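Accompanying notes for the structure given below.
Note that the structure is predicted; figures quoted are calculated from it, not measured.
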Amino acid sequence: MCRNEEISPDNYTLATLSKVSSEIGDVRIGETVHCWIIKTGFVSDTVLMNSVMAMYLKCGSFRGLREVFDKMPQRNSASWNVLISGFSVFNSCMIYEDVWMLVKQMQKESVRLDAYTISTLLPMCDGKWNYGREIHCFIVKNESALDYLDVHVGSCLIDMYSKRKNVTLGRRVFDRMKCRNIVAWTAIIMSYIQNGDCEEALALFQRMQFKVEPNRVSLISVLPACSSLNSLMGGKQIHGFAIRNEFNHQVSLNNALIDMYCKCGDLSYAKRVFDNDAYCKDEISWSSIIAGYGLHGKGNEAVSLFNGMLQMGIKPNSITLVGVISGCGRSGLVKEGLNIYNSAVTLYGISPTVEACACVVDMLGRAGQLDRALEFINSMPVKPSPSVWGALFGASVLHENLEMREIACKFLIQLEPENSSNYISLSNVYASSGRWDVVAELRNRMKSRGLRKLPGCSWV
DNA sequence: TCTAAAGTAT
């Protein structure tokens, strides 16, 4: 960058330059702009400094952002909002109490919490940080000042309630919103999908089309509902809409289509979408098609697609690994699956996740190699999870191996002491060998934990 | 000239 010394940039120019730096995402260029601002004496311009904070945020420098905030002589709501965003973006810096303290501090300094503040805070309200309802109350109390059902705030509320499995409260917000754009519609549709009501999700999607034009994200969001309902017809209609509206050049949409076709059982359509050259395939495209072939018992095709991916220079990740190994498992390709697992670190640079390890256990187990599966569990690089022992349990049921069933159940109880089905499975093991004393002891253990048999376990 | 929201592969 060069600068004509005779013409000094004003605060507007500098703000534009700061914005450009954010878009490039280059912190060095941003820092240069920041230096000019200091030299030209514009550091007291709040709006300009807010854009510098936003630049540091987008360029990944929490330190830069914090420093600007701390040195600002005057701050407005936007300054606080960017700082709060910083806490949510830079997760490693995230200490929830700190965020709440910032909010309190903001109020103490009489800075108004606005719709921006609220829609930044709401996505941070997960299981660990439980201010969601408090924030919602704040919104209700400040309805007139805040424009309660601001479309941003409303969408965030729907999303927050969805994550807490409360689609009813989300729907109440949605129904009361003054204006609903595509984001709000997508949020409520997603909420139904995430909470298992795919019929309502599709019904809303139909209604939505009379109100707003679907975009790429909304189509991607609704496709899993078609998969869940096994509605190939619904999926094809969305595919048709995507083609007519030229969304089918986008990799993310094609990925969602591939997944939908695989899950609806139409592999040839999935492959047709995959093979379309009008878009650039990424690791999700490959992982989806590989998993699809694997799921349908076509392990050899899954393995050759996996090799094709490597040849194309697309780096597989741990999810790709899970797809290809589980495909091997379903097709009895133990040797191929183990080869891929063993090359994961050395050839593909993937450290196997516990999910990948569970697939290996499942693969060995299905093939009847239960001792080898147990040996694998004892030597795997990550701590076995319930899914790992669950895989061994499933295989020991399949191959009627009581001894392995007992081992798997014991570990399952150890890992999930509150899950009653584990006790029941173990007591079934003992019941089948007539060890009623141990069965009774297990019943007592369940009782002392306040656990009950799940309804429907009539076989116990 | 400043700040916020929805999505796809196990």
task = Walking along DNA chain B from 5' to 3', note the first and the last nucleotide with an atom under 4.0 Å from a heavy atom of chain A, and give both.
result =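 So the outermost contacting nucleotides come out as dT1(B) to dT10(B).
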Side chains of [X] and [Y]: do they bring a donor and an acceptor to under 3.5 Å?
X	Y	answer
Q74(A)	T46(A)	no
N276(A)	N254(A)	no
Q250(A)	S252(A)	no

request  = Remember a base hit wins even if backbone is also touched, and classify V82(A) as base, sugar-phosphate or nothing at under 4.0 Å, heavy atoms.
outcome  =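 Result for V82(A) = sugar-phosphate.
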request  = Pick base, sugar-phosphate or nothing for D10(A), based on heavy-atom distances below 4.0 Å to the nucleic acid.
outcome  =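 D10(A): no heavy atom of the nucleic acid under 4.0 Å.
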Counting only heavy atoms and a strict 4.0 angstrom limit, can you tell me which residues of [range] come near DNA chain B?
range	answer
residues 273-291 of chain A	I284(A), S287(A), S288(A)
residues 196-229 of chain A	N215(A), R216(A), V217(A), I220(A), S221(A)
residues 249-271 of chain A	S252(A), N255(A), D259(A), K263(A)
residues 300-308 of chain A	none

inquiry  = Can a donor-acceptor pair be found, under 3.5 Å and without considering hydrogens, that links the side chain of S331(A) to the backbone of G299(A)?
reply    =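 Side chain of S331(A) to backbone of G299(A): a pair is present.
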query = Taking atom CD of E109(A) as the centre, does the number of heavy atoms from other residues, nucleotides or ligands within less than 6.0 Å exceed 12?
reply =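 Correct, the count exceeds 12.
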query = Any Lys/Arg nitrogen of R28(A) or D26(A) sitting under 4.0 Å from an Asp/Glu carboxylate oxygen of the other?
reply =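 So R28(A) pairs with D26(A) through a salt bridge.
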Quiz item: cation-pi between K281(A) and Y279(A), 6.0 Å / 45° =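 Cation-pi check for K281(A) and Y279(A): passes.
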request  = Using the test ring pair (Phe, Tyr, Trp, His ring centres under 6.0 Å), find all partners of Y161(A) that sit at least two apart in sequence or belong to another chain.
outcome  =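 Y161(A): ring pair (Phe, Tyr, Trp, His ring centres under 6.0 Å) contacts with H136(A).
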ask   = Residues two or more places apart in sequence or in another chain: which of them pass ring pair (Phe, Tyr, Trp, His ring centres under 6.0 Å) with F69(A)?
value =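 W80(A).
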request  = Determine which pairs satisfy salt bridge (charged side-chain N to carboxylate O under 4.0 Å, His left out) with at least one residue from residues 192-209 of chain A, sequence neighbours left out, and list them in order.
outcome  =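 The answer is R171(A)-E200(A).
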task = Report yes if the distance between the aromatic ring centroids of F87(A) and F62(A) is under 6.0 Å, otherwise no.
result =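 Under 6.0 Å, so yes.
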Pairs meeting criterion ring-ring contact (aromatic ring centres under 6.0 Å, His included) with involvement of residues 232-263 of chain A, two or more places apart =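 Those involving residues 232-263 of chain A are H239(A)-Y261(A), Y261(A)-Y269(A).
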message = Which residues pass the salt bridge (charged side-chain N to carboxylate O under 4.0 Å, His left out) test with E67(A), not counting sequence neighbours?
response =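 In terms of salt bridge (charged side-chain N to carboxylate O under 4.0 Å, His left out), with neighbours along the sequence ignored, E67(A) is linked to K71(A).
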inquiry  = According to side-chain hydrogen bond (donor to acceptor under 3.5 Å, both in side chains), who are the partners of Q209(A), at least two apart in sequence or on a separate chain?
reply    =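 Partners of Q209(A) by the side-chain hydrogen bond (donor to acceptor under 3.5 Å, both in side chains) criterion come out as none, since no residue qualifies.
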key: Which residues share a side-chain hydrogen bond (donor to acceptor under 3.5 Å, both in side chains) with S387(A), sequence neighbours left out   =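 With neighbours one apart ignored, the set is S385(A).
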